Amino acid sequence: MGAATLSKKLKAAGADVNVPHYAINDLPADMEAVVTQASLVDRVKKQCPQAKLYPVNNFMGGAEYDAIVSALPAARPQRLHSR
């Protein structure tokens, strides 16, 4: 449910980001960002120590997801860079 809500908000913000759902034990160690229930943060840190964590208290809470979308670089307009 949370992954679907976040996906919709990211798409509305113009970001093309895949938001998969994983059990904590199945999280790939190289995850860049993880949204998780606030009470599970310590377990996620052990599984993905380098990931940026976005804890939420309510998976149905729209305001929490709005804050996450605002914080994610992929949801911000990108500047073009020449090589």
Side-chain angles (χ1 to χ4, degrees):
M1 180 80 61
T5 301
L6 184 56
S7 290
K8 288 178 187 175
K9 289 188 175 282
L10 285 164
K11 185 175 182 178
D16 182 22
V17 179
N18 181 31
V19 183
H21 177 269
Y22 291 101
I24 292 173
N25 291 341
D26 296 333
L27 281 167
D30 64 348
M31 294 295 292
E32 294 178 31
V34 177
V35 177
T36 189
Q37 184 70 28
S39 63
L40 301 174
V41 166
D42 289 337
R43 286 185 58 203
V44 174
K45 282 182 183 179
K46 289 179 185 175
Q47 186 75 14
C48 303
Q50 79 290 344
K52 171 70 175 156
L53 298 182
Y54 297 94
V56 296
N57 291 305
N58 177 2
F59 276 118
M60 300 298 290
E64 288 183 296
Y65 290 110
D66 290 339
I68 293 168
V69 169
S70 295
L72 289 174
R76 294 185 206 134
Q78 301 296 312
R79 294 185 183 187
L80 297 176
H81 297 279
S82 59
R83 296 182 191 195

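What you see is a predicted model, and the numbers here were worked out from it, not measured in a lab.
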With a 3.5 Å cut-off and sequence neighbours excluded, list the donor-acceptor pairs that the side chains of residues 29-51 form with protein atoms.
from : atom 1 : to  : atom 2 : distance (Å)
Q37  : NE2    : N57 : O      : 3.2
Q47  : NE2    : N25 : O      : 3.4
Q47  : NE2    : L27 : O      : 3.1
Q50  : NE2    : A29 : O      : 2.4
Q50  : NE2    : M31 : O      : 3.2

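- For residues 6-15, the pairs satisfying side chain to side chain donor-acceptor pair (under 3.5 Å) are K9-D66, with sequence neighbours left out.
- The two residues G2 and Y65 come nearest to each other via the heavy atoms CA-OH, 3.3 Å.
- Closest heavy-atom contact between V69 and A13: CG1-CB, 3.7 Å.
- Y22 and L6 fall into different hydrophobic clusters, where Ile, Leu, Val, Met, Phe, Trp and Tyr are joined by side-chain heavy atoms under 4.5 Å apart, directly or via other members.
- Checked against side chain to side chain donor-acceptor pair (under 3.5 Å), N58 has no partners two or more places apart in sequence or in another chain.
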